[in-house]
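The structure appears below as structure tokens.
Nothing here was measured: the structure is a model prediction, and the numbers come from that model. One-based numbering along the sequence shown.
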Amino acid sequence: MTPQRLLILDDDPGVGQTIELIAQAAGLSTLFTQSPAEFFDRVADWCPDYIALDLVMPQMDGVEVLAKLAERHCTAQIIITSGVGHRILDAAGRSAAELGLSIAGILSKPFMPSTLRKLLGDERGEGLGRALHVVGGATGGENISAQDIQAGLRNDEFFTVFQPKIRCRDHAIQGFEALLRWKHSDFGFVPPDAFISAAERYGLIDPLTEHMFDLSFGWFARNFRNSPFRLSVNISARTIMDEAFVAGITRRCESLGIPTDKIIRELTETSAMEDPVRSLSSLTRLRMKGVHLSIDDLGTGFSSLLQLVRLPFSELKVDKSFVISASRSSESRQVIKAIISLGQSLDMQTTAEGVEDAETLRFLEETGCNLAQGFYIARPMVGDDAVRWVHDYQPGAL
Ligand code: C2E
Ligand code: CA
Ligand code: CA
């Protein structure tokens with residue numbers, strides 16, 4: 001078998017040589033250049049399988065190099081390397097994917113040798129295929145390409161599961177949170193944190209969200225249109241909530257006969273706070289249409305109280321890290337109590353997610369939390385199982 005080829009363009013010879021050493025140790029043959037002109041010659045005559053590309057170079061900027069590679073219909077797996085902030089890297093990754101380039105991942109400098117090896121597919125002992133696992137123990141999904149996600153959408157590999165939410169006071173079912181799943185034909189289940197962040201990076205989160213809406217709203221309308229239940233859906237921090245997005249939700253609800261106030265959109269604390277002025281106008285517009293808004297993962301971001309009060313949220317969702325540890329950590333219980341009393345004083349509903357035992361559910365009841373969600377009540381289930389679960393459910397049994 002001929003070794004796979006990695007071509008490196010970087011203005012820093014130290015970085016270039018480090019990448020070469022790591023790649024050679026993984027069995028690749030490598031070529032390193034500092035000159036864009038030579039780089040394009042080698043792309044043409046050496047036909048690399050992988051390209052490692054610095055985005056910020058004195059003679060030429062990396063985005064221009066990407067555009068030129070696209071013009072030449074380059075099929076190599078591209079690894080973008082840089083020391084710039086993640087927003088810029090994300091944007092570059094998105095534009096490259098839109099140009100039809102194949103992005104193996106992003107390597108932000110300084111990087112760990114193991115991260116590069118994984119991007120080169122050298123971890124599963126299967127030579128140099130790409131592996132859809134999470135790089136470096138983080139959940140960034142660096143090894144997922146835009147093409148993987150597009151193919152997954154085309155081949156209908158995404159589906160939704162539903163996790164019940166119950167009222168703490170009497171354990172009555174209040175609704176479900178829809179959670180997206182991906183079963184890749186070769187790699188099996190890919191964790192949502194990994195594929196969501198990959199989709200965000202490639203600018204593919206909107207089609208994925210639309211698909212999730214289609215699946216989950218459809219299921220909800222078929223089974224629970226006339227029930228008092230509500231359906232919660234997750235909205236990415238990257239989704240721009242403009243007029244068209246608002247219209248998309250209301251149009252779907254109308255055509256399926258779901259009242260808009262049956263839908264709760266969960267946004268993470270940080271996403272809503274990133275641009276509070278814009279968030280304020282678009283979130284208010286949605287809230288006026290009846291759609292509920294929930295702050296997800298509360299306690300993990302950096303929101304100020306003032307911003308919480310200004311934005312038109314109707315639900316606070318205590319992050320599961322506090323709830324999972326509530327039975328053994330008095331600090332976690334204090335945080336939960338504080339969030340619940342904040343919710344009460346702001347007239348917002350509170351939901352605790354990550355309820356894993358009876359003791360925690362009892363603590364939440366006593367503290368006045370409104371809703372609970374977690375493995376102790378039910379795991380996320382595929383649509384048919386969730387419907388069956390509702391029929392078999394006995395509130396007194398918990
Ligand atoms: P999230 O919105 O905070 O979702 C709740 C996560 O907590 C789910 O993980 C759920 O399975 C898990 N969970 C629920 N109860 C328990 C419990 O008792 N114990 C423990 N240990 N975990 C519990 P999942 O499904 O892996 O989703 C992870 C994240 O992926 C979600 O966090 C959400 O941020 C994102 N995600 C999932 N589906 C979508 C989607 O359709 N769109 C977007 N934008 N993000 C999604
Ligand atoms: Ca959520
Ligand atoms: Ca959450």
Side-chain angles (χ1 to χ4, degrees), residues 153 156 158-165 173-181 192 196 199-200 203-297 307-317 346-349 351 370-371 373 383 386-387:
L153 278 168
D156 222 2
F158 290 94
F159 60 99
T160 41
V161 290
F162 302 92
Q163 187 177 33
K165 285 167 82 170
I173 302 169
Q174 301 296 297
F176 300 88
E177 175 173 4
L179 295 157
L180 206 49
R181 292 289 178 264
I196 298 284
E200 288 173 339
L204 290 172
I205 191 65
D206 288 344
L208 207 57
T209 305
E210 302 269 314
H211 188 54
M212 180 270 291
F213 283 168
D214 287 340
L215 294 169
S216 59
F217 285 29
W219 171 84
F220 189 73
R222 277 194 304 283
N223 295 287
F224 300 112
R225 197 194 334 248
N226 298 315
S227 75
F229 302 163
R230 286 186 170 143
L231 179 72
S232 300
V233 288
N234 291 287
I235 308 296
S236 155
R238 298 295 160 88
T239 297
I240 297 169
M241 281 160 292
D242 54 9
E243 202 64 68
F245 183 77
V246 175
I249 293 196
T250 43
R251 196 170 353 93
R252 273 191 177 79
C253 286
E254 270 164 29
S255 71
L256 290 163
I258 306 173
T260 40
D261 73 347
K262 289 276 168 28
I263 302 296
I264 304 179
R265 298 161 358 104
E266 299 192 357
L267 315 178
T268 56
E269 192 180 354
T270 28
S271 67
M273 303 313 156
E274 242 169 42
D275 186 351
V277 176
R278 199 181 66 188
S279 302
L280 181 62
S281 68
S282 49
L283 296 178
T284 306
R285 218 182 304 135
L286 263 165
R287 195 63 201 92
M288 279 158 43
K289 307 242 185 219
V291 178
H292 292 277
L293 295 170
S294 167
I295 305 190
D296 204 351
D297 302 344
Q307 284 165 342
L308 269 182
V309 178
R310 282 180 59 212
L311 292 168
F313 287 98
S314 42
E315 181 185 68
L316 302 181
K317 213 162 176 186
L346 295 175
D347 203 19
M348 296 186 203
Q349 161 172 293
T351 294
N370 301 109
L371 310 189
Q373 176 182 345
V387 172

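- Atom CD of Gln349 sits about 9.5 Å away from atom CG of Leu316, to the nearest 0.5 Å.
- Remark: the backbone N or O of Leu293 is paired with a side-chain donor or acceptor of Ser314 at under 3.5 angstrom.
- In this structure, the separation between CG on Leu231 and CG on Asn223 is 11.5 Å, given to the nearest 0.5 Å.
- With rounding to the nearest 0.5 angstrom, the CD1 atom of Ile235 is 12.0 Å from the CD1 atom of Ile264.
- When each of Phe217, Trp219, Phe220 is paired with Phe176, the ring pair (Phe, Tyr, Trp, His ring centres under 6.0 Å) condition holds for Trp219 and for no other.
- What you find for Val233 and Ala178 is that their closest heavy atoms are CG1-CB, 4.3 Å.
- The backbone N or O of Ile258 lies less than 3.5 Å from no partner atom in the side chain of Arg252, so there is not a single donor-acceptor pair.
- Within the model, atoms NE2 of His211 and CG of Leu204 stand 13.0 Å from one another, a figure rounded to the nearest 0.5 Å.
- By the 4.5 Å heavy-atom criterion applied to side chains, Leu267 and Phe313 are counted as neighbours.
- Between Phe229 and Phe224, the ring planes lie tilted relative to each other; the angle falls in the 30° to 60° range.
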Worksheet item: Would Gln373 and Thr351 count as a side-chain hydrogen bond (donor to acceptor under 3.5 Å, both in side chains) if you check the C-alpha gap in whole Å, the side-chain angles of each, and the deciding distance to 0.1 Å?
Response: CA-CA 7 Å; Gln373 176 182 345; Thr351 294; over 6 Å; no
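- Contact annotation: the side chain of Asn234 approaches that of Glu177 to within less than 4.5 Å [non-hydrogen atoms, C-beta and beyond].
- Taking all atoms of both residues into account, the shortest heavy-atom contact from Asp261 to His292 is O-CD2, 3.2 Å.
- Here CZ of Phe213 is found 8.5 Å from CD1 of Ile263. Values are rounded to the nearest 0.5 Å.
- Summarising the geometry of Lys317 relative to Ser294, their closest heavy-atom pair is CB-OG, 4.1 Å, with the distance given to 0.1 Å.
- Leu179 places none of its side-chain heavy atoms less than 4.5 Å from the side chain of Pro192.
- To the nearest 0.5 Å, atom CZ of residue Phe245 and atom OG1 of residue Thr239 are 5.5 Å apart.
- The only option from Arg265, Lys165, Arg230 that meets the salt bridge (charged side-chain N to carboxylate O under 4.0 Å, His left out) definition with Glu315 turns out to be Lys165.
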